[in-house]
Amino acid sequence: MTRHDESGVVVIHDDIPRRIPLVSEMTLADFPAELGLFPLDEALLLPHGRLPLNVFEPRYIALVEDALAGNRLIGMIQPRLLDGMDDTPLDEGADDPGMDDGYSHTPPLYTIGCVGRITAMTERADGTYAITLTGIARFRLLRETGLRRGYRVARVDTSSFVSDLTDVEDNIPFDREGLLNALHDFCEAQGVSTQWDALHQMDDAALLVTLPMICPFGTAPRQKMLEAPTPADRARILRDLLEGSGQEPDEGASPA
């Protein structure tokens, strides 16, 4: 509500209701039954994490436009390889013959993804977008319902992941020093560098969101970290990967 005081100065009141809740105040009731999906190989979004995306394909430009016009929510999810499929990583910037041939031929998806909310957006002169998604909560994909303006839409359920909506406790039971030592050895072995000062200054919760998202592992290891029941389980999986028990990292990638 906008009013003027006696001198004519505009006074802005804070009783104007928001159309969408603050990220920190979202509850299960704020999640829609259907979500537009952004399938992207080797892209990990965790609750409380931030994922920058370069959006240039027409179908995903449409997805971003529709999200901005509504609740600003997008379902990030990874494509899943089936036995006998080519193991070449899917490039969302390349042509996907499935989208041209019809819905039935689109790549299969994992059943667990993460709801992201657009919290930053830049529109370029050519009509493409640079956005940042903030992870809110994981979701379970129940069934896909078809295409909307070229992008995939699915019925989803977040009720199994209500704990994602709460702040992560400070005292997470994991070996922080051991994890950072494993990361140090990994970086030395791969000949890459990272911002050690920034990592050491992070609290446990931030560290266990940031490291899994930036470490250069493939689709299946990233999915395993996404589906970990607790942050401590995620830390254990990440340490195993860093120490060599998981998939080999991508060439040329670095946890920068």
Side-chain angles (χ1 to χ4, degrees), residues 22-26 28 40-53 74-78 110-117 119-120 132-140 158-190 192-250 253-256:
L22 296 173
V23 170
S24 60
E25 295 178 355
M26 290 188 68
L28 289 179
L40 189 56
D41 193 66
E42 298 186 10
L44 176 61
L45 176 63
L46 291 171
H48 308 289
R50 296 193 175 193
L51 178 67
L53 291 172
I74 289 175
M76 287 300 302
I77 196 164
Q78 292 195 112
Y110 280 98
T111 58
I112 304 298
C114 185
V115 181
R117 186 156 118 177
T119 51
T132 298
L133 290 181
T134 296
I136 308 298
R138 290 169 290 176
F139 67 86
R140 189 176 304 279
T158 56
S159 62
S160 299
F161 304 104
V162 64
S163 61
D164 292 345
L165 297 175
T166 60
D167 291 333
V168 181
E169 295 182 4
D170 293 332
N171 298 320
I172 300 173
F174 81 107
D175 182 359
R176 180 187 176 104
E177 183 177 356
L179 179 62
L180 290 176
N181 286 340
L183 177 65
H184 182 272
D185 293 343
F186 172 88
C187 290
E188 281 202 340
Q190 299 297 321
V192 298
S193 60
T194 191
Q195 299 177 4
W196 293 109
D197 288 344
L199 291 178
H200 283 290
Q201 291 172 8
M202 288 181 183
D203 59 34
D204 290 350
L207 186 71
L208 294 183
V209 169
T210 302
L211 274 186
M213 290 182 60
I214 66 174
C215 280
F217 295 110
T219 299
R222 289 175 183 271
Q223 189 67 28
K224 191 173 182 181
M225 288 188 286
L226 175 66
E227 297 183 12
T230 68
D233 293 319
R234 190 188 308 150
R236 176 184 53 78
I237 294 169
L238 177 57
R239 183 170 176 178
D240 287 344
L241 291 167
L242 291 170
E243 291 177 343
S245 64
Q247 181 174 315
E248 290 297 318
D250 301 334
S254 63

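No hydrogens, no waters, no symmetry mates; every other heavy atom, side chains included, goes into these values.
For the pair H184 (side chain) and W196 (backbone), a donor-acceptor distance under 3.5 Å is absent. A donor-acceptor pair under 3.5 Å is formed between the side chain of Q78 and the backbone N or O of E42. Between the side chain of Q223 and the backbone N or O of I112, at least one donor-acceptor pair lies under 3.5 Å. A side-chain donor-acceptor contact under 3.5 Å links D164 to the backbone of R138. The closest donor-acceptor contact from the side chain of T210 to the backbone of L207 lies at 3.5 Å or more, if one exists at all. Not a single donor-acceptor pair under 3.5 Å links the side chain of T158 to the backbone N or O of F161.
Residues F217 and L242 meet the side-chain proximity criterion, which asks for heavy atoms closer than 4.5 Å. In this structure the side chain of T230 never reaches within 4.5 angstrom of the side chain of R234, judged on heavy atoms.
The two atoms that bring V23 and T119 nearest to each other are CG2-CG2, 4.3 Å, heavy atoms only. For the residue pair L44 and L226, the shortest heavy atom distance occurs at CD1-CB, 3.7 Å. Across all non-hydrogen atoms, the minimal contact from V209 to G49 is CG1-CA, 3.4 Å. Nearest heavy-atom pair across A137 and L165 is CB-CD2, 4.0 Å.
Just one of M225, R236, R222 meets the side-chain contact (heavy atoms from CB on, under 4.5 Å) condition when paired with L241; it is M225.
Within a 6.0 Å radius of CZ in R117, more than 12 heavy atoms belonging to other residues, nucleotides or ligands are found.
Between the CZ atom in R140 and the OG atom in S160 there is a gap of 5.0 Å [rounded to 0.5 Å]. Atom CG of L133 is separated from atom CG of L45 by 6.0 Å, given to the nearest 0.5 angstrom. The line from CE of M213 to SG of C114 is 8.5 Å long, rounded to the nearest 0.5 Å.
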